[in-house]
Amino acid sequence: MMADGIERIDGASFADARGVLTYVNALDLAPVRRFYLIRQSETDQVRGWNGHRQERKWFYCIRGAFAIGLVAIDDWRYPSLALSAEVIRVCAEQGQVICVPAGYANAVKALAPESELLVFSDRTLEESKQDSFRWEVSRWVDWETVK
């Protein structure tokens with residue numbers, strides 16, 4: 001079961017003599033304002049924790065695999081150390097999009113070398129910068145145990 005407000009949208013693929021077509025037809029991209037690509041060459045680095053009160057994000061693994069840590073923030077200046085983070089694993093072969101509502105912090109770790117994660121946002125870069133909060137990567141998840 002996923003945390004409140006987090007949604008997993010399943011995709012699918014079609015293969016024929018021309019190759020493979022992967023799609024997520026149920027994803028509505030109307031709110032998206034920008035996107036960026038995270039390319040992790042190593043599996044021992046973690047990006048995060050980064051949170052936004054107002055920004056929604058969508059994560060789609062296009063190569064390899066990732067663990068995405070998500071935690072709903074209770075207090076933006078002094079979030080509790082006791083918050084429970086959910087770690088969701090995604091891989092390119094699954095073709096899934098993880099939709100994260102505003103009010104969450106995220107951290108990501110590649111589970112395979114040379115992994116790539118496409119991230120969509122419903123805020124401009126300037127709006128995102130004005131609503132950005134960061135915490136140390138070890139705060140809510142022991143990433144050494146995430147494989």
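Positions are given from 1 along the sequence. Basis for what follows: all heavy atoms, side chains included, without hydrogens, waters or symmetry-related copies.
Scanning both residues, I73 and A105, for their nearest heavy atoms gives CD1-CB, 3.8 Å. The minimum heavy-atom distance linking S84 with V71 is given by the pair O-CG2, 3.8 Å. Across all their heavy atoms, S13 and V20 have their closest contact at CB-CG1, 4.0 Å. Heavy-atom minimum distance, L21 versus Y23: O-CD2, 3.8 Å. Across A85 and V141, no two heavy atoms sit closer than the pair CB-CG2, 3.7 Å. Closest of all the heavy-atom pairs between C61 and F66 is SG-CD1, 4.0 Å.
If you take CG on L83 and CG on L70, they are separated by 12.5 Å, rounding to the nearest 0.5 Å. Between atom CD1 of residue I68 and atom CD1 of residue I6 there is a gap of 9.5 Å, rounded to the nearest 0.5 Å. Between the OH atom in Y60 and the CZ atom in F35 there is a gap of 13.5 Å [rounded to 0.5 Å]. The line from CD of Q96 to CD1 of I88 is 9.5 Å long, rounded to the nearest 0.5 Å. Taken from OG in S132 to CD in E55, the straight-line distance is 8.0 Å, to the nearest 0.5 Å. Expressed to the nearest 0.5 Å, how far CG of L118 lies from CZ of F120 amounts to 4.0 Å.
Side-chain contact, R89 with Q94: no donor N or O sits under 3.5 Å from an acceptor N or O.
There is a path of hydrophobic side-chain contacts, each under 4.5 Å, that joins Y36 to I98. Under a hydrophobic clustering in which Ile, Leu, Val, Met, Phe, Trp and Tyr are joined whenever their side-chain heavy atoms come within less than 4.5 Å, directly or via other members, V24 and V32 fall into the same cluster. No single ILVMFWY cluster, assembled from side-chain heavy atoms under 4.5 Å apart, contains both V46 and L117. Hydrophobic clustering places I62 together with W58 (ILVMFWY residues linked when any side-chain heavy atoms are closer than 4.5 Å, directly or through intermediates). Cluster annotation: V87 and V90 are assigned to distinct hydrophobic clusters (Ile/Leu/Val/Met/Phe/Trp/Tyr, side-chain heavy-atom contacts under 4.5 Å, transitive).
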Residues I38, V119; criterion side-chain contact (heavy atoms from CB on, under 4.5 Å); working and verdict: CA-CA 8 Å; I38 297 172; V119 184; 4.0 Å; yes

Kindly determine whether R63 and E93 satisfy salt bridge (charged side-chain N to carboxylate O under 4.0 Å, His left out), including the steps that lead there. CA-CA 8 Å; R63 182 177 180 191; E93 291 78 25; over 6 Å; no

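Side-chain contact check for V97 versus R8: every heavy-atom pair is 4.5 Å or farther apart.
One finds a salt bridge joining D122 and R56 here, because a Lys/Arg side-chain nitrogen approaches an Asp/Glu carboxylate oxygen to under 4.0 Å.
In E136, the CD atom is crowded: over 12 heavy atoms of neighbouring residues, nucleotides or ligands sit closer than 6.0 Å. Counting non-hydrogen atoms of neighbouring residues, nucleotides and ligands closer than 6.0 angstrom, the CZ atom of F133 exceeds 12 such neighbours.
A distance-only check finds a donor-acceptor pair linking the side chain of R34 to the backbone of R123 [under 3.5 Å].
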For a quick test of your reading: what N or O donor-acceptor pairs under 3.5 Å do the side chains of residues 106-116 make, sequence neighbours left out?
| from | atom 1 | to | atom 2 | distance (Å) |
| --- | --- | --- | --- | --- |
| N106 | ND2 | N50 | O | 3.4 |
| K109 | NZ | W143 | O | 2.9 |
| K109 | NZ | V146 | O | 3.0 |
| S115 | OG | A65 | N | 3.1 |
| S115 | OG | A65 | O | 3.2 |
| S115 | OG | A112 | O | 2.6 |
| E116 | OE2 | R39 | NE | 2.9 |

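Relative orientation of the W49 and W140 rings is perpendicular, given thresholds of 30° and 60° on the angle between their planes.
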